[in-house]
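A short write-up of the structure that comes next.
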2 protein chains.
Amino acid sequence: METFIKCDEEVSNIELVNKVKNNLLSDEEIFDLAELFKVFGDSTRMKIINALMKQDLCVCDIALITNSTPSAISHQLRVLKQAKLVKYRKEGKSVIYSLDDEHVKEIFEKGREHIEEI
Amino acid sequence: METFIKCDEEVSNIELVNKVKNNLLSDEEIFDLAELFKVFGDSTRMKIINALMKQDLCVCDIALITNSTPSAISHQLRVLKQAKLVKYRKEGKSVIYSLDDEHVKEIFEKGREHIEEI
DNA sequence: CAAACATATGAACAGATATTCACATGTTCA
DNA sequence: TGAACATGTGAATATCTGTTCATATGTTTG
């Protein structure tokens, strides 16, 4: 059974709707934005980011700090790397990860501000 | 078979690890932050936010603008409402939604800045 | 070189999540 | 009041996602 939507048949609202619609970001931009925030939307990854805000760290230390396994952390670091939120350098046996960009901290802090207001 | 992790047995690194660990947000704060960003991490919700940045809108108009159904939008508006990202008021037959807070726009824009840099 | 270790990766499983569909609720106004 | 409409909601489904486990890769150093 099909659902007919009659909402807003008045000309004025159709124009309003179209005006808003034409001012939105493209579907691709929206998708990329959502993908970015999806990366922030996981506790393990947020802990990693939080740790790297304090100190550059190797995978193994991040695992210790976050009470996780090196394997799980490695998987998540890949996600963070793909989103250009972290970068890495090699030092001896270790791979040292660090935040890639000031925006990471800024997004983190903006989120914190919102949380605190509730 | 248990995996023993030997990483960082030197005293200096144990101290470093503990220092970082003690400076992190609590698990609860991290969880709340991740939950917040999870809300931003969906294309439909991002479209809704983007539309509400331009104009306060009723459910039905949001559905038209986002090429979605009123039902799907209603479900997502509930998520946005619970995260205190949108608020609503009643006007006649309609329920008009709007952004709840300046942080919403700010987080959106910070994300955009990061995307643009890639 | 070989042992020891740090990191990466692929497959598999379990849990989370968005949409759809059917229907319920609640409002307006003729 | 009752038809028409706008919104909300619960269950079901299909898809996505994070962790685990086993194992591979690659590096250091004895």
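The sequence lines fix the lettering, A, B, ..., with proteins before strands; numbering per chain opens at 1.
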Could you work out how much the helix from C:dC1-D:dG30 to C:dA30-D:dT1 bends, comparing the axis of its first five pairs with that of its last five, to 10°? 30°
Looking at side-chain heavy atoms only, is the closest gap between A:K105 and A:M53 below 4.5 Å? yes
Determine whether B:I48 and B:Y97 make a side-chain contact, defined as any pair of heavy atoms from C-beta on separated by less than 4.5 Å. no
Less than 4.0 Å between a side-chain N and a carboxylate O, is that true for A:K81 and A:D100? no
Rounded to the Å, how far apart are B:Q76 CD and C:dT17 P? 11 Å
Within residues 79-95 of chain A, those residues having any heavy atom closer than 4.0 Å to DNA chain C are A:K93, A:S94, A:V95
Could you tell me whether A:R89 and A:D56 make a salt bridge, using a distance below 4.0 angstrom between a side-chain N and a carboxylate O? yes
Could you list all N or O pairs between the protein and nucleotides 10-13 of chain C that sit under 3.5 Å apart?
residue : atom : partner : partner atom : Å
C:dG10  : O6   : A:H75   : NE2          : 2.8

Search all heavy atoms of A:D101 against all heavy atoms of A:K84 and return the closest pair with its distance. CB-O, 4.4 Å
Distance only, no hydrogens: is a donor on one side chain within 3.5 Å (strictly under) of an acceptor on the other, for B:S94 and B:E91? no
Residues 111-118 of chain A, side-chain donor-acceptor partners within the protein, below 3.5 Å, at least two apart:
residue : atom : partner : partner atom : Å
A:E113  : OE1  : B:H103  : NE2          : 3.1
A:H114  : NE2  : B:A83   : O            : 3.0

Checking B:F108 now: which residues fulfil ring pair (Phe, Tyr, Trp, His ring centres under 6.0 Å) with it, not counting sequence neighbours? none
Is the shortest side-chain heavy-atom distance between B:I62 and B:L52 below 4.5 Å? yes
For a quick test of reading the model: is some side-chain N or O of A:Y97 closer than 4.0 Å to OP1 or OP2 of C:dA6? no
Counting only non-hydrogen atoms, which of residues 30-52 of chain B are less than 4.0 Å from DNA chain C? B:K38, B:D42, B:T44, B:R45
Are the side chains of A:M46 and B:F31 in contact, using a 4.5 Å heavy-atom criterion? no
In whole angstroms, how far is the P atom of C:dA8 from the CD1 atom of A:I73? 11 Å
If only side-chain N and O atoms count, and only distance matters, is there a donor-acceptor pair under 3.5 Å linking B:N22 with A:K54? no
Flag side-chain contact, heavy atom, 4.5 Å: B:N50 against A:N23: no
Spacing of A:N67 atom CG relative to D:dG18 atom P, expressed in whole Å: 19 Å
Quick check: are there more than 12 heavy atoms from other residues, nucleotides or ligands sitting under 6.0 Å from NZ of A:K19? no
